[in-house]
Amino acid sequence: MEKSPKRKRKSNRKEWNDLKSKQLLNAGVCQKMFLQTLAISDKVVDNVCKRLITSPVLNKDMRGKHSNRPLSMKEDVKNAIRKHINSFPIVDSHYVRENTAKKYLESGLCISKMHRLYLKWILDEPLTNSNNSVINATLRQYTDIFNTEFNLSFFKPKKDQCDVYKVYKLACPEEKLKQKDLYDEHLLNKSLARELKNEDKRRALADPTFCVAVFDLQKVLTAPQC
């Protein structure tokens, strides 16, 4: 008795996926979980729902882009913020070996702390605007100037620092005067050693018979410890 060939079962995957999609679109979600996941308020959701009633496409947000009352930062406020940021000392990039244009502030600082210091600093500075009032700035304004006009970051040491540098940095003003000659000589030797290393690297790139190997003996132990 010959067996009839098996009929291929028609796949209903597409219909199944369409059905699941409709169910997901109509499924309810926890409002509290939804708002906390997106970090938004219920007012944002209400405004979107109201706009979707009139049109399925949301118009571009035009807040802050009108011309009847421009919300641009005044130039005297910008100058005051620039002056305050420039007053912070730059950390010596003693162990930054790469060539970089970025400068670093002390690791104990952050933008919010700098802004709090600015609000105290502006009271003592003889800086006033055209209305002879103190030039205050919001955290947002301070952050915008810091991020757009300065190539600054907060120093986070990723490498061990040498003893000479740490002792000089932590010394009191009187001790720094005594150690200044030693510290300046240390920086001079550092710059000289780096220049000699770069010169050898350039020679190695140009001369295939010349080989250069660099070891950081203060960080890498080439022999096992006892």
Side-chain angles (χ1 to χ4, degrees), residues 31-51 57-159 161 165-166 168-177 180 183 187:
Q31 180 183 12
K32 184 177 180 180
M33 182 274 296
F34 180 78
L35 296 177
Q36 291 183 350
T37 302
L38 299 179
I40 58 177
S41 63
D42 53 353
K43 185 177 181 180
V44 176
V45 180
D46 294 338
N47 290 336
V48 172
C49 293
K50 291 177 182 178
R51 293 179 183 178
V57 180
L58 295 178
N59 295 326
K60 187 177 180 180
D61 190 359
M62 300 300 294
R63 288 179 295 180
K65 298 181 180 180
H66 50 76
S67 58
N68 57 344
R69 190 184 59 189
L71 299 178
S72 59
M73 197 186 314
K74 295 182 179 180
E75 194 63 29
D76 51 1
V77 178
K78 293 182 180 180
N79 292 332
I81 296 175
R82 295 184 187 113
K83 183 177 180 180
H84 183 253
I85 295 177
N86 286 324
S87 66
F88 287 91
I90 301 300
V91 175
D92 181 21
S93 56
H94 185 76
Y95 269 75
V96 179
R97 293 183 172 87
E98 297 82 3
N99 294 325
T100 175
K102 185 180 289 292
K103 297 181 180 180
Y104 295 89
L105 302 176
E106 293 188 5
S107 57
L109 293 173
C110 62
I111 296 182
S112 59
K113 183 176 181 179
M114 293 174 64
H115 177 253
R116 291 194 298 269
L117 295 174
Y118 170 83
L119 296 179
K120 297 178 181 178
W121 170 81
I122 202 66
L123 297 176
D124 300 329
E125 284 291 315
L127 294 175
T128 57
N129 57 18
S130 57
N131 297 326
N132 293 325
S133 60
V134 177
I135 302 175
N136 286 325
T138 63
L139 177 59
R140 175 64 180 272
Q141 292 173 330
Y142 197 95
T143 303
D144 288 343
I145 296 296
F146 184 91
N147 291 333
T148 58
E149 298 190 12
F150 291 87
N151 190 15
L152 292 173
S153 183
F154 301 104
F155 181 70
K156 296 179 180 179
K158 297 181 180 179
K159 301 180 177 70
Q161 298 175 345
Y165 176 75
K166 289 192 294 186
Y168 184 81
K169 181 180 178 181
L170 299 176
C172 61
E174 293 78 9
E175 289 294 329
K176 283 187 176 181
L177 290 176
K180 190 176 186 309
Y183 182 71
L187 293 181

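Basis for what follows: all heavy atoms, side chains included, without hydrogens, waters or symmetry-related copies.
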- request: Determine, stepwise, if the pair N151 / K103 fulfils side chain to side chain contact (heavy atoms under 4.5 Å, CB included).
  value: CA-CA 6 Å; N151 190 15; K103 297 181 180 180; over 6 Å; no
message: How long is the straight-line distance from CG of L119 back to OH of Y142, given to the nearest 0.5 Å?
response: 9.5 Å
task: Would you indicate whether the side-chain heavy atoms of F146 and I81 approach each other to under 4.5 Å?
output: no
query: Just wondering, are more than 12 heavy atoms of other shown residues or ligands nearer than 6.0 Å to CD in E75?
result: yes
message: Which heavy atom of A80 sits nearest to which heavy atom of I122, and what is that distance?
response: CB-CD1, 4.2 Å
- line: Note: I145 and I85 closest approach over all heavy atoms is CG2-CD1, 4.3 Å
- request: Specify the closest pair of heavy atoms between S112 and L139, including all atoms of both residues, with the distance to one decimal.
  value: CA-CD1, 4.0 Å
query: Does atom CZ of R82 have more than 12 heavy-atom neighbours from other groups under 6.0 Å away?
result: yes
- request: State whether the number of non-hydrogen atoms from other residues, nucleotides or ligands found under 6.0 Å of K176 atom NZ is greater than 12.
  value: yes
- prompt: Roughly how far apart are L109 CG and S153 OG, rounded to 0.5 Å?
  reply: 11.5 Å
query: How far does CG of D42 sit from NZ of K32, to the nearest 0.5 angstrom?
result: 13.0 Å
- request: Please report the shortest heavy-atom distance between L35 and S41, naming the atom on each side.
  value: CD2-O, 3.7 Å
- prompt: Does atom CZ of F88 have more than 12 heavy-atom neighbours from other groups under 6.0 Å away?
  reply: yes
- request: Fit a plane to each ring of Y118 and H84, take the angle between them on a 0 to 90° scale, and name the class: parallel (under 30°), tilted (30 to 60°) or perpendicular (over 60°).
  value: perpendicular
- prompt: For the atom pair CD (Q141) and CG (N136), what is the distance rounded to the nearest 0.5 Å?
  reply: 9.5 Å
field: Salt bridge present between K50 and D46 (N-O < 4.0 angstrom)
entry: no
task: Can you see which heavy atom on T138 is nearest to which on H115, and at what distance?
output: C-NE2, 3.3 Å
